[in-house]
Amino acid sequence: MDKIIIKGGNTLRGEVEISAAKNAVLPILAATLLSEDKCTIENCPMLLDVFVICDLIKSLGAKVKIDEESGLTEIEALNIKDCEQIGDLSRKMRASFLIMGPMVSRFGKFKISLPGGCNIGTRPIDLHLKGFKALGASVILDHGNVEISANKLIGNRIYLDFPSVGATENIMMAGTLAEGETIIENAAAEPEIGDLANFLTKMGACIEGVGTGTIKIKGVKKLIGADYKPIYDRIEAGTFMIAAGLTNSNIKLKGVNEDHIKPIIAKLTEMGMDIEMDNDILIIDGRKELKPIDIKTMPYPGFPTDMQAQMMSLLSCVVGTSVVTETIYENRFMHVAELKRMGANVKIDGRSAVIEGITRLNGAAVKATDLRAGASLILAGLEAEGETEITDVYHIDRGYVEIEKKFKMLGANIRRIKE
Ligand code: EPZ
């Protein structure tokens, strides 16, 4: 298992290009199953999770071609085998469950192992299943699998008790080939959902209201192939923005959509960072003395939960008291124990963590427990005095393309040891 070694204290300079968004690409790849025509997705990030979902789609009988240099990914889901169970791939990665909507909508039936929970929470799928049932599907849970079937999905009105990103995506995809209109109320509004809707629309779907909380999908008979370039990764952008604050640097990020990172810009500006846009280049200056602030994660357009761990690394190095409240997941503080090994002063109190910022962290041997926790440890290592060794970096590779190469390009003293 690879390790990442960082010698903290370097300031960063220069410009880095942000990759395409993992959380947009995964549902878009799943959506290619809705058509028998070839779809071409440009600039796919070459991430573990992308390869997992492509392997899963291939195992169903689709043709999948990935150019790992350019990220160009072609999928032709013409010859899909019977909806046989595809083993426990979906336990490997929760996002695999996103193929349920397309498969049931196009073929009327699919069976897959129940997605497992993960380190950050139980990750239930009750809202996904509520949606499929509302569209007339039968749902059978047995021996750890879930089988969903319907002769024909019939459009209906569905209220999501929580604006779940995945449930919104799965139901939206299921509604594209359903009979009649599907209305999703209290729908999630994350930019990745808008990107999926744009891709589906290029395939011939009729979708409106994305981003408003109420999404309407008018079912069509058939969807055609489409070419598409997904949006940039707002969470990767936010991760690099925090690095500027932790290393007192002024850096540029290429490929940023300002609208997608408004909550991140708002909070970092509140702390004292200077942030400006020059077309799609974000210029961030983290060289000023920063102030402590409070953070509360919320569904979009609130502060993203996927930025909570990274923000905690920054607040750990800002003198004063900050409070971070995690409202989305029940167990997304596993980075705290690792940050404390580096000297951070954090006390967890239920869903909140109280941080007494200190002037300098100390390098230490730490472990990535999940994707964003791993990112927060890289950030802490960039700031810390001495050497930080991060193990279990496969978690980080699920969501960041060559993160150590990008930081090295900016001047960080960081290297990966392949083991
Ligand atoms: C997506 O996960 C993202 N993953 C997550 O990013 C992100 O943290 C999350 O949205 C929230 O923004 C992908 O897009 C692949 P949810 P998803 O359904 O769809 C509860 C990362 O780091 N819930 O919005 O699984 C659930 O328990 C990852 O890139 C139900 O109760 O998120 C959780 O508390 C981590 N019932 C909350 O909603 C359901 O049926 C958020 O889940 C579904 C969800």
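Indexing begins at 1, ligand by ligand and atom by atom, following the structure's order.
Close approach to Asp306 involves these atoms of ligand 1, each under 4.0 Å from a residue heavy atom: 5 (C), 6 (O), 7 (C), 8 (O), 21 (C), 22 (O), 28 (C), 29 (O), 35 (C). Interface atoms of ligand 1 facing Arg123, defined by a heavy-atom separation under 4.0 Å, are 2 (O), 17 (P), 25 (O). Under a 4.0 Å criterion applied to the non-hydrogen atoms of Leu371, ligand 1 contributes the atoms 22 (O), 29 (O). Applying the 4.0 Å criterion to heavy atoms of Lys22 picks out, from ligand 1, the atoms 21 (C), 29 (O). Near His128, with a cut-off below 4.0 Å to any heavy atom, the atoms of ligand 1 are 40 (O). Residue-ligand proximity, Arg94 to ligand 1, at heavy-atom distances under 4.0 Å covers atoms 25 (O), 43 (C).
Residue Thr168 holds its OG1 atom at 12.0 Å from CD of Glu185, rounded to the nearest 0.5 Å. Expressed to the nearest 0.5 Å, how far CD1 of Ile66 lies from CD1 of Ile41 amounts to 11.5 Å. Between the CD atom in Glu258 and the CD atom in Glu276 there is a gap of 10.5 Å [rounded to 0.5 Å].
Residue contacts with ligand 1: Ile328 is placed with a nitrogen or oxygen under 3.5 Å of a nitrogen or oxygen of the ligand (distance criterion only). Looking at Glu330 next to ligand 1, no N or O pair under 3.5 Å apart turns up. Where the criterion is an N or O separation shorter than 3.5 Å, residue side chain and backbone included, Gly166 meets it with respect to ligand 1. Residue-to-ligand polar distances place Leu127 within reach of ligand 1: an N/O pair is separated by less than 3.5 Å.
Nearest non-hydrogen protein atom to atom 9 (C) of ligand 1 is Tyr329 OH, 3.2 Å. Regarding atom 18 (O) of ligand 1, its nearest protein heavy-atom neighbour is Ser164 OG, 2.7 Å. Distance from atom 22 (O) of ligand 1 to its nearest protein heavy atom, with residue and atom name: Arg372 NE, 2.9 Å.
A side-chain donor-acceptor contact under 3.5 Å links Lys406 and Ser19. Looking only at atom types and distance, the side chain of Thr305 has a donor-acceptor partner in the side chain of Arg332 under 3.5 Å away. Side chains of Thr212 and Thr214: a donor-acceptor N/O pair is absent below 3.5 angstrom, by distance only. Under the 3.5 Å distance criterion, with hydrogens and angles disregarded, no donor-acceptor pair is assigned to the side chains of Asp280 and Tyr232.
Heavy atoms of Asp126 found under 4.0 angstrom from ligand 1 belong to the backbone as well as the side chain. Neither the backbone nor the side chain of Ala167 has any atom closer than 4.0 Å to an atom of ligand 1 (non-hydrogen atoms only). The backbone and the side chain of Val165 each have at least one atom closer than 4.0 Å to an atom of ligand 1 (non-hydrogen atoms only).
Between Glu76 and Lys63 there is a salt bridge, with a side-chain nitrogen of the basic residue lying less than 4.0 Å from a carboxylate oxygen of the acidic one. Using a 4.0 Å cut-off between a side-chain N of Lys or Arg and a carboxylate O of Asp or Glu, Lys152 and Glu179 do not qualify as a salt bridge. Salt bridge status for Arg416 with Glu402: absent, with no side-chain N to carboxylate O gap under 4.0 Å.
By the 4.5 Å heavy-atom criterion applied to side chains, Ile390 and Thr388 are counted as neighbours. With contacts defined as side-chain heavy-atom distances shorter than 4.5 Å, the pair Arg372/Tyr400 qualifies.
Close to ligand 1: Arg332, with a non-hydrogen atom less than 4.0 angstrom away. For the pair Pro124 and ligand 1, a heavy-atom separation below 4.0 Å is found.
Among Phe97, Tyr300, Phe162, the residue whose heavy atom lies nearest to atom 37 (C) of ligand 1 is Phe162. The residue among Ile193, Asp161, Thr168, Asn23 with a heavy atom at the shortest distance from atom 15 (C) of ligand 1 is Asn23.
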